[in-house]
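See below for the structure under consideration.
Each chain gets a letter, A, B and so on, in the order the sequences are listed, and its residues count up from 1.
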Amino acid sequence: MTHTPILAARDVRKRYGAVVALDGVSLDVERGEVVCLIGPSGSGKSTLLRCLNALETVDSGTVAFEGRDIRAKADDARLVRRRMGMVFQNFELFPHLSVLRNLTIGPTTVLRLDMAEAEQRARALLLRVGLIDKAMVHPSALSGGQQQRVAIARALAMEPALMLFDEPTSALDPETIGEVLAVMKGLADDGMTMVVVTHEMDFARRVADRVVVFDHGRIIEVGPPAQIFEAPHAARTRDFLSHLGWHGESIDIGIKEKT
Amino acid sequence: MDINFQPLLDSWVFLLRAIGTTVLLSVLSMLVGFVVGVFVGALRTYGGRLVGALLAFYVDTMRAIPLLVVLVWMFFAFPILFGVRIDSMTAAVVALGLHLGAYVAEAIRAGLTSVRRGQMYAALALGMSRTQAIRTIILPQALIRMLPPLGSLFTIAIKDSAIASVIAVPELLRQSQTLAGQTFRPFEIYTSAMFVYFLLCYPVARGTDALYRRLSHLGSS
Ligand SMILES: Nc1ncnc2c1ncn2[C@@H]1O[C@H](COP(=O)(O)OP(=O)(O)OP(=O)(O)O)[C@@H](O)[C@H]1O
Ligand SMILES: [Mg+2]
């Protein structure tokens, strides 16, 4: 059998001092698949994403992307990262650069594309996320939802094979969450492979092919959304979902970046 | 009081040259200080422990020794130690530059660490190397944030250039002293010198401040 998943994590462990952030996580992601990660705060979801694109070194276990082993120390890490886009909770747009330059800086410095080609690519992406009229402004002039759409476009400018999203809507005002989710839905419909950490249960239910439930650095349950949301096996999944059900949005807004 | 600016006007070429030397000395020591400061600040922030310790030693000694002492040491002791003669201008540029560099390094270090970690993650996630990320993403933001202290340091560099008069660099204060001795007009000459220093420093202070007000929004991620 020649089939390999695009991304394969095997028994990944990671600790910060006494804190065990990842306690043996194994996860395969298939090409074109949308995987949503859900789970309580501090359960290790962000840490897993950073291990998946080698922003963080794993203590043990392996991560393979397109069949190639990732090591944060090796030069391979950079080759892997340019094929994987990442979107952050706090957007992390580069504030000193125009929106257009935010989109071209990756392609020009990393892929060595010439500026004209990079700008053409950037403008096409800004059109796609509905922000072509903002090309020349700086990020500080944009709303949160607009910034996050630019951040998605910035990642797409590298023409990645896979996109990682770390709670992309958690820092947004409720009224701008929809525009970001719509862009993400569009990406999924176009066949992009996506790993999405989210508290937007509605998004997970409608867009995910599989939902992964995280708790205390472990995967406690994996399944199609219908099963996870309607008939979860694990008691802790039920607890977590009912917890979200009780508080809904207020939980999303209460979560802050831990740096 | 008998005030006469005529001797000053008679020696205007001499004084203009002195002002030129002061400007040149200031600009060169700022350049040295800035380049040294950026590298030292970045290496202390991102480099290994050994490099960090060595550079901390440099920064601490420069901050612990009076500039005047660094300067005379550079001019009188350095040639003996290394058997090379250096002219007073070179000694002044090196001493002033290295001294300034220590303070610039501290400002740069504060600026770099103030940029939140997510910016580095975002740059690396695009496939940039750490060096590319620092150069194109982190450092520009740090420089913008640190414009006010850098502006102060640059005005101090202009004022400190007067210290080079003790090793006979023909800059404004030194030449003013010479002229005052020849003409017996210290009041007119030193007043003029004071005025010139003010005119040199004031635009730098106001300029960096204006620049900061225009750019500050670009440095806050
Ligand atoms: N850089 C770090 N240094 C030290 N501890 C860390 C670091 N990053 C994460 N941790 C710890 O690891 C654990 C997992 O954190 P992580 O951010 O991965 O959780 P999360 O599931 O993303 O949570 P949230 O929903 O709040 O974002 C937490 O206990 C956290 O405090
Ligand atoms: Mg997180």
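Scanning all heavy atoms of the two residues, the minimum distance from B:Q177 to B:S165 falls at OE1-CB, 4.4 Å. What you find for B:I158 and B:S26 is that their closest heavy atoms are CA-OG, 3.6 Å. The nearest pair of heavy atoms linking A:G145 to A:E179 is C-OE2, 3.2 Å. Shortest non-hydrogen contact noted between B:A193 and B:S176 is CB-OG, 3.8 Å.
In this structure, the portions of B:T136 lying under 4.5 Å from any heavy atom of chain A include both its backbone and its side chain. For chain B, the nearby part of A:M84 is the backbone; its heavy atoms alone come within less than 4.5 Å. In this structure, no portion of A:R83 lies under 4.5 Å from any heavy atom of chain B. Both the backbone and the side chain of A:T109 come within contact range of chain B, judged by heavy atoms closer than 4.5 Å. Only the backbone of A:L93 comes within contact range of chain B, with at least one heavy atom under 4.5 Å from a heavy atom of that chain. Residue contact with chain A, scored on non-hydrogen atoms closer than 4.5 Å, involves the side chain of B:I144 exclusively. Within the 4.5 angstrom heavy-atom criterion, atoms from both the backbone and the side chain of A:F94 approach chain B. Contact of B:Q119 with chain A is made through backbone and side chain together, with heavy-atom distances under 4.5 Å.
To the nearest 0.5 Å, atom CG of residue B:D87 and atom CD1 of residue B:I167 are 8.5 Å apart.
The backbone N or O of A:Q146 sits less than 3.5 Å from a side-chain atom of A:S143, completing a donor-acceptor pair.
Taking a cutoff of 4.0 Å between a charged side-chain nitrogen and a carboxylate oxygen, B:R174 and B:E171 do not qualify as a salt bridge.
For the set A:I105, A:N53, A:L111, the entry with the most heavy-atom pairs within less than 4.5 Å of chain B is A:I105. Between chain A and the residues B:V115, B:L126, B:L215, the largest count of heavy-atom pairs under 4.5 Å involves B:L126.
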